[in-house]
Colleague: 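The structure's right below; bear with me while I get my questions together.
All values below come from the heavy atoms of this structure, side chains included, with hydrogens, waters and symmetry mates left out. Computed from a predicted model, the values in this text were never measured in an experiment. Reminder, nothing fancy here: chain letters follow the sequence lines and each chain counts from 1.
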Amino acid sequence: MKLSKFFVPTQKEVPSDAFAASHILSIRAGLFRLLTSGVYSVLPLGVIVKNKVEKIIREEMNAIGGNEFLLPALSPNELWNETGRLDDFGDIIFRIKNRELVLAPTHEEVFTSIAKPYINSYKNLPQMWYQIQTKFRNEARPKSGVLRGRQFTMKDAYSFDSTWEGLDASYELQDKAYRNIFKRCGLKFFSVSASSGAMGGTRSEEFMVESDAGEDLIALSEDGKYASNIEVAESFVETVARKNSNLKYEELHTPAIKSIDELAGFLGITDKSHLAKSRVFVIPAKSENEKDKYLLALVCGDDEVNETKLMKYYGANIRPGHPEELLEITGADAGSIGPIGLKNNNVEIVADFRLQDADELISGANKNDYHIKNIDFKRDVPGIKYNDLRVVKEGEYTKDKSSKLRVAKAIEIGHIFKLGTKYSESLHATFLDKDGRENPIIMGSYGIGIERIIASHIEQNHDGNGIIWEGEIAPFKLILINITPQNEEITKFCETLYDELSAANIDVLYDDREDLRPGFKFKDADLIGIPVHVIVGEKNFKNNQIEIKIRKSGERIIIDKNDIRGKINELVNA
RNA sequence: CGGGAUGUGGCGCAGUUGGUAGCGCACCUCGCUUGGGACGAGGGGGCCGCUGGUUCGAGUCCAGUCAUCCCGACCA
């Protein structure tokens with residue numbers, strides 16, 4: 001590709017609304033351009049990188065028996081109602097105003113609807129289906145460039161099996177393929193166990209790239225053996241010691257005390273573990289005949305309630321109570337709520353394992369400006385249940401006490417799920433087994449965000465001068481920079497070299513632009529991050545020499561012009 | 001959805017008590033320069049987000065509205 005004919009609008013100004021390195025550099029290097037919030041046009045250089053990522057994905061998907069599909073973005077509301085997900089997704093799903101259609105945020109329903117008429121026998125199974133296609137999600141707050149957009153490209157794959165062992169095998173195949181894909185994309189990544197959220201299913205794993213631009217928090221053990229999304233991470237923690245003092249509980253006047261910190265300050269204590277923090281949650285009624293259920297969750301004052309864990313135990317639609325509801329349910333506002341004296345006596349009370357059978361606890365009195373001390377959960381809170389409800393913290397030990405945890409930010413680049421039969425059951429996609437019995441097809445689903453791979457690669461591979469592409473997804477292997485296009489001899493040499501390299505199928509970008517000073521070309525080459533720069537200018541050429549610069553290390557190699565082809569081959573194949 | 005902020009040439013920004021809309025970069029022409037985003041001279045380009053109001057007069061004041069960004073909530 002000749003740069004004189006290649007549309008790459010580089011800019012030296014930093015976009016005023018960009019903060020993440022990948023966002024700034026992908027705009028400055030001319031990969032993407034914002035159209036409207038969360039929606040990006042992919043420019044020619046971006047298309048080249050995207051195509052390279054997609055090529056890798058296709059190769060790895062095909063290698064595990066994948067069949068490539070291309071499904072529509074539009075799909076009928078009816079289909080989404082059959083699985084109940086039109087409601088489950090809520091505002092995240094884009095709805096078409098003048099037809100009963102949605103812009104699909106994912107494709108379990110459509111793939112299953114195709115499997116339904118064709119997959120009727122165990123003899124048709126297993127199947128591995130995938131596509132690379134545009135997804136639409138009405139994100140409340142897009143951010144960080146293409147890292148969270150309202151429209152993005154996803155590789156989504158779906159496995160169909162007749163047995164649970166088959167699902168395990170399909171899942172393993174995808175897991176392996178994902179590792180190959182991310183490795184070939186030049187990413188340093190790891191996988192973490194994760195919550196399957198509204199997707200449903202039994203098990204899921206996320207593939208993560210550690211980055212400050214990430215939105216997920218992950219807990220990692222120092223020995224590298226444990227990695228988990230903070231939403232499901234567990235750690236070893238001592239329970240709050242029971243003192244068996246059998247002190248009678250009594251009310252404390254705590255004027256204007258709202259937070260645990262204020263309470264600790266007011267009482268003059270530093271150990272917050274005996275201050276039981278209360279959070280009220282609502283489990284919305286599933287039908288009109290039922291009533292909403294209420295839940296009071298208690299954790300130690302120095303802990304936070306992990307809402308994902310809570311949802312796992314009590315259902316996916318659980319939500320924090322609104323301020324008016326708190327008053328209605330408990331009799332007090334947030335800050336004065338506790339397990340004793342609740343206004344509504346149908347509130348289920350659940351506490352974190354750390355508080356199991358603890359006594360001498362202090363918690364809200366369900367009366368504004370009052371707390372109660374010497375609460376004994378065993379004695380005073382009959383029917384209390386215990387669960388793991390807390391968010392793990394940096395510095396805690398793993399459950400087996402073998403290693404310490406640290407907490408880091410990460411970008412989710414892929415997610416694999418063992419779905420089970422959720423979709424096949426609701427859409428009646430069944431097959432007959434050997435014994436002629438009808439069974440729902442057992443499914444898995446597997447997603448990769450294409451733009452997130454590109455952004456993550458930039459996050460991990462850049463410096464103050466720009467992007468530093470590595471491995472297979474570099475848009476070009478090398479850039480040939482003609483510093484003096486007005487010098488006919490040099491230009492002729494460059495043209496010949498360019499033609500030869502192109503003929504040899506080496507991805508080469510030729511900076512043949514006229515009327516640009518050398519510094520400008522060097523800056524552009526660094527910014528768009530081509531790994532190898534071949535610099536041809538009068539200074540070296542008059543000595544029959546050519547300079548090669550390695551983008552990553554900054555290393556410069558001066559080489560005889562007759563040896564250039566060999567050196568390029570060596571560098572490009574390295 | 002709650003809180004905060006910002007909308008002025010392609011990009012980054014200034015614009016005072018209301019009085020002819022400016023600067024840097026980019027762009028065009030000429031000259032000069034050519035190994036790390038040169039320099040000089042000249043030039044083109046603006047429903048000042050939109051709607052309404054106050055005023056002799058609004059980029060500036062008021063009201064509404066839309067958009068964008070940040071924090072939070074939410075998030076297969």
Colleague: Sticking with atom C1', work out how far C61(B) lies from C25(B), rounded to a whole angstrom.
Modeller: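 That atom pair is separated by 33 Å.
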Colleague: Ignoring backbone atoms, test whether R319(A) places a side-chain nitrogen or oxygen under 4.0 Å from the OP1 or OP2 oxygen of A73(B).
Modeller: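 Result: no.
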Colleague: Inspect the contact between K176(A) and E60(A) and indicate whether a charged nitrogen and a carboxylate oxygen are less than 4.0 angstrom apart.
Modeller: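 Answer for the salt bridge query: no.
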Colleague: Can you find a donor-acceptor pair, distance only, under 3.5 Å between R28(A) side chain and G37(B) base?
Modeller: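 Flag set: donor-acceptor pair detected.
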Colleague: Using a cut-off of 4.0 Å on non-hydrogen atoms, how would the nucleic acid contact of L34(A) be classed: base, sugar-phosphate, or nothing?
Modeller: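 Counting heavy atoms under 4.0 Å across all strands, no contact is made by L34(A).
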Colleague: For D91(A), which contact category applies under a 4.0 Å heavy-atom criterion: base, sugar-phosphate, or nothing?
Modeller: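 D91(A): no heavy atom of the nucleic acid under 4.0 Å.
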Colleague: Take atom P in C13(B) and the same atom in C69(B), then report the distance between them in whole Å.
Modeller: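 Each nucleotide's P atom is 15 Å from the other's.
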Colleague: Taking the six-membered ring of Y171(A) as reference, does the NZ or CZ atom of K418(A) fall below 6.0 Å from its centre and within a 45° cone about the axis?
Modeller: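 Yes.
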Colleague: So what does E307(A) touch, heavy atoms closer than 4.0 Å: a base, only the sugar-phosphate, or nothing?
Modeller: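 Sugar-phosphate: the residue E307(A), judged by heavy atoms under 4.0 Å, touches backbone atoms but no base.
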Colleague: Sticking with atom P, work out how far G42(B) lies from G24(B), rounded to a whole angstrom.
Modeller: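 Straight-line distance between the two P atoms is 12 Å.
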Colleague: Could you state the CG-P distance from D17(A) to G4(B), rounded to the nearest angstrom?
Modeller: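 My rounded result for the distance is 21 Å.
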Colleague: Please confirm whether any donor atom in the side chain of R556(A) sits under 3.5 Å from an acceptor in the base of G36(B), or the reverse.
Modeller: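 Side chain to base: pair found, below 3.5 Å.
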Colleague: With the threshold set at 4.0 Å, does a side-chain nitrogen-carboxylate oxygen contact exist between R279(A) and E307(A)?
Modeller: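 Yes, this pair counts.
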Colleague: Any side-chain N or O of S16(A) below 4.0 angstrom from OP1/OP2 of C69(B)?
Modeller: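 False: S16(A) side-chain N/O out of range (4.0 Å or more) of C69(B) OP1/OP2.
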Colleague: Under 4.0 Å from OP1 or OP2 of C69(B): is there any side-chain N or O of S37(A) that close?
Modeller: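 Affirmative; the distance criterion is met.
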Colleague: Could you walk me through whether E210(A) and K409(A) pass salt bridge (charged side-chain N to carboxylate O under 4.0 Å, His left out), step by step?
Modeller: CA-CA 6 Å; E210(A) 190 175 341; K409(A) 279 183 170 178; over 6 Å; no
Colleague: Answer yes or no: does a side-chain N or O of R141(A) lie under 4.0 Å from OP1 or OP2 of C70(B)?
Modeller: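 Yes, R141(A) has a side-chain N/O under 4.0 Å of OP1/OP2 on C70(B).
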